[in-house]
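A quick write-up on the structure given underneath.
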Amino acid sequence: MTDSEVRVRIAPSPTGYFHVGTARTAIFNWLYARKMGGRFFLRIEDTDRDRSKREYVDIVLDGLRWLGLDWDDEPIFQSQRFDSYKPVAQELLAEGKAYRCFCSPEELNRKRQQAQKEKRNYRYDRTCRDLTETQIRERLDTGIPFVVRLKLPSTGTVGFDDVVLGKAQKAYEDLDDFIILKSDGNAVYNFAVVVDDHDMGITHVIRGNDHVANTYLQKELYQALGFKLPVFAHVPLILRPDRSKVSKRKSDKGVTDYQQEGYLPETLLNFLALLGWSPKDDREKMSRAELIEAFSLEAINAANAIFDPEKLTWLNGEYIRDKSNHELAKLVAPILIERQFSTKYALETRWQWFMQVIGALKERCKLVSEFADKGAYFFIDEFDYDVKGVKKRFGKPGVRENLTLLYERFDNITDFTEATTEEALRELVDELDCKPAELIHPTRLAVSGLTGGPSLFLLLELVGQQQVIARMKRAVAYIEKMGE
RNA sequence: GUCCCCAUCGUCUAGUCUGGCCCAGGACACCGCCCUUUCACGGCGGCGACACGAGUUCAAAUCUCGUUGGGGACGCCA
């Protein structure tokens, strides 16, 4: 690694859910690395065995891959670095910058509750900070478990420069001699992060602003250890419409959910990149390359942002319309197969037709899954009629007769196309001396079950002569039954 | 509760650092109109914000202070 090289990382903890906030932080880190010609690393923070499961790691990895956020080198697992922390803590202990604390969790808890009761702000009272050598020996010999705490000054302030927030500072009085090593000898998050970031040569720490409180503590560690301080950039949080933090517990959607619902990776990448950051011009739709080109840490906002699902959906519609029919067909096929609307074989043998169907539906779909929702009738014959549509289109007098006359004409067409079906319908319109709409709407409902959709004549051609006639007959029978 | 951070349309934001070009620009959503066999797409137009109060200044969305509101952190979790 060279001195000038930018090295950033995303450090997710695998909880079985790929948080949009994590994804957005990953995007910012990735964009910055790619923009600066630097390196983007992945570090899995899996030291909490209770919560971290192996298969959960894949959820994060798959999500990152799906978004196209390629990371450099192999991911680093914090759980495999357990041994790296202890020696560093020993060093701190030896230098008198840290000390052993023999206070029991119960005792601490009691004090914490007491403080809360008295409405005081709780801080560790530093009971063990000035234990003599012999006192420490005694306790060690008795086998009392201990944690290691970092010594902090009691007066003055800590501060750091943040690219997003500017200067942030806090009084030492509000800070604790925090624990760096648990009684089981393992590192606590704030300690592990500093050691890891240093060992990985991280130059820029770009993370959510829910970490600013940690940063003051971590800065103390950097100083005690003589490590070079990285550049900090605390990015705003993503909030739900009710302004609270997006979370799995509130059953908010994760990246995986958006993927499954039919959102495109380029949509999510683009949308998330624009939450808390802006290119400073009017661009809303930006490609990967444009995002990299325009990105800068300085342009990141300090204010938290609310996730607007409607805007996300709009953007997705934009991206869908940009895609070729072939690309979309490839994305829609698995959904059709999964819903048993079609089979792989059937789609492959009618690929040209399938692409036409996709083309007909394209500007009406904002989600990939909508092609299956709104175009089911292209693949299956059994569908219900839209309830409102039935009232409006099948309820009028003469509809049954007109539909009958029309399908008879359709039956006589030798080359059943968009043009010939239109010709046949318009001819009948002339003879009946009615409005085109009087035939068009009931026919659409009969053939598709819906009141809206692609141009009727294109729709007829794509559904095919036999199906069209069969469905119109079915509709006539249905209307007859209605009348009874 | 304590500490920290934040504050422009309902939402995402430009403008704030480097006061005047801003009676505030764009986008989503919403509402109209146009296109049209429907639904969409597209085009055009509309609605809609500088949280409040002081101060500094010839001039404040922009600077300062306060108030209010919102968020976050307060674990031998990460």
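The sequence lines fix the lettering, A, B, ..., with proteins before strands; numbering per chain opens at 1. Reckoned from all heavy atoms, side chains included, excluding hydrogens, waters and symmetry mates.
Listed pair Arg321(A) / G42(B) meets the phosphate criterion, a side-chain N or O lying under 4.0 Å from OP1 or OP2. Put simply, Arg100(A) has no side-chain N or O that comes within less than 4.0 Å of OP1 or OP2 on C76(B). Between Lys182(A) and A78(B), a side-chain N or O to OP1/OP2 separation shorter than 4.0 Å is present. Contact annotation: Lys280(A) does not reach the phosphate of G26(B) (side-chain N/O to OP1 or OP2, under 4.0 Å). A sub-4.0 Å separation between OP1 or OP2 of C12(B) and a side-chain N or O of Asn301(A) is absent. OP1 or OP2 of U11(B) has at least one side-chain nitrogen or oxygen of Arg243(A) nearer than 4.0 Å. In terms of phosphate contacts, Lys311(A) brings no side-chain nitrogen or oxygen within less than 4.0 Å of OP1 or OP2 of U13(B). For G75(B), one of the phosphate oxygens OP1 or OP2 lies less than 4.0 angstrom from a side-chain nitrogen or oxygen of Arg112(A).
Distances from the side chain of Leu108(A) to the nucleotides C76(B), A73(B), G71(B) place C76(B) closest. In this structure, the nucleotide among G71(B), C12(B), C76(B) sitting nearest to the side chain of Leu239(A) is G71(B). Closest to the side chain of Arg444(A), out of C76(B), A78(B), U37(B), is U37(B).
The aromatic rings of Phe232(A) and His234(A) lie parallel to each other, with less than 30° between the two planes, well short of the 60° mark.
Pairing for U2(B) is with A73(B), a Watson-Crick or G-U wobble pair whose two hydrogen-bonding atom distances lie under 3.5 Å. Base pairing of U68(B) is made with A7(B), judged by Watson-Crick or G-U wobble geometry with both donor-acceptor distances under 3.5 Å. Figure legend. A49(B) is base-paired to no nucleotide; pairs are counted as Watson-Crick or G-U wobble with both atom distances under 3.5 Å.
Between Arg393(A) and Asp386(A) no salt bridge is recorded (no basic side-chain N to carboxylate O distance below 4.0 Å). Looking at Arg9(A) and Asp196(A), no side-chain N of the basic residue comes within less than 4.0 Å of a carboxylate O on the acidic one, giving no salt bridge. Using a 4.0 Å cut-off between charged nitrogen and carboxylate oxygen, Asp184(A) and Lys182(A) do not count as a salt-bridge pair.
The separation of U13(B) from C31(B), taken at their P atoms, amounts to 25 Å, rounded to a whole angstrom. Taking the C1' atom of each, G70(B) and U8(B) are spaced 15 Å apart, rounded to whole Å.
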Show me the donor-acceptor pairs, under 3.5 Å and distance only, between side chains in residues 431-441 of chain A and residues at least two apart or in other chains.
{"residue": "Glu431(A)", "atom": "OE1", "partner": "Arg409(A)", "partner atom": "NH2", "Å": "2.6"}
{"residue": "Glu431(A)", "atom": "OE2", "partner": "Arg409(A)", "partner atom": "NH1", "Å": "3.0"}
{"residue": "Glu438(A)", "atom": "OE2", "partner": "Lys435(A)", "partner atom": "N", "Å": "3.2"}

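Straight-line distance from the NZ atom of Lys285(A) to the P atom of A27(B): 14 Å, rounded to whole Å. Following rounding to the nearest Å, Phe394(A) (CZ) and U38(B) (P) show an atom-to-atom distance of 18 Å. To the nearest angstrom, C1' of C77(B) lies 13 Å from CG of Asp184(A).
Cation-pi geometry between Arg149(A) and Tyr124(A) is satisfied (NZ or CZ under 6.0 Å from the ring centre, within 45° of the ring normal).
Near RNA chain B, meaning a heavy atom under 4.0 Å away, the residues from residues 162-173 of chain A are Leu165(A), Gln169(A), Lys170(A).
The residue Ser278(A) sits close only to the backbone: its heavy atoms come under 4.0 Å of sugar-phosphate atoms, none of a base. Across all strands shown, Pro454(A) has heavy atoms under 4.0 Å from base atoms, whether or not it also approaches the sugar-phosphate.
With sequence neighbours excluded, the residues that form a side-chain contact (heavy atoms from CB on, under 4.5 Å) with Thr267(A) are Leu264(A), Leu312(A), Leu315(A), Asn316(A), Tyr319(A).
In this structure, CG on Asn301(A) lies 11.5 Å from CH2 on Trp277(A), to the nearest 0.5 angstrom.
Of the two residues near RNA chain B, Thr451(A) and Ala303(A), the one whose nearest nucleotide lies more 5' is Ala303(A).
Interface remark: the Glu284(A) side chain does form a donor-acceptor pair with the G26(B) base, using a distance-only criterion of under 3.5 Å.
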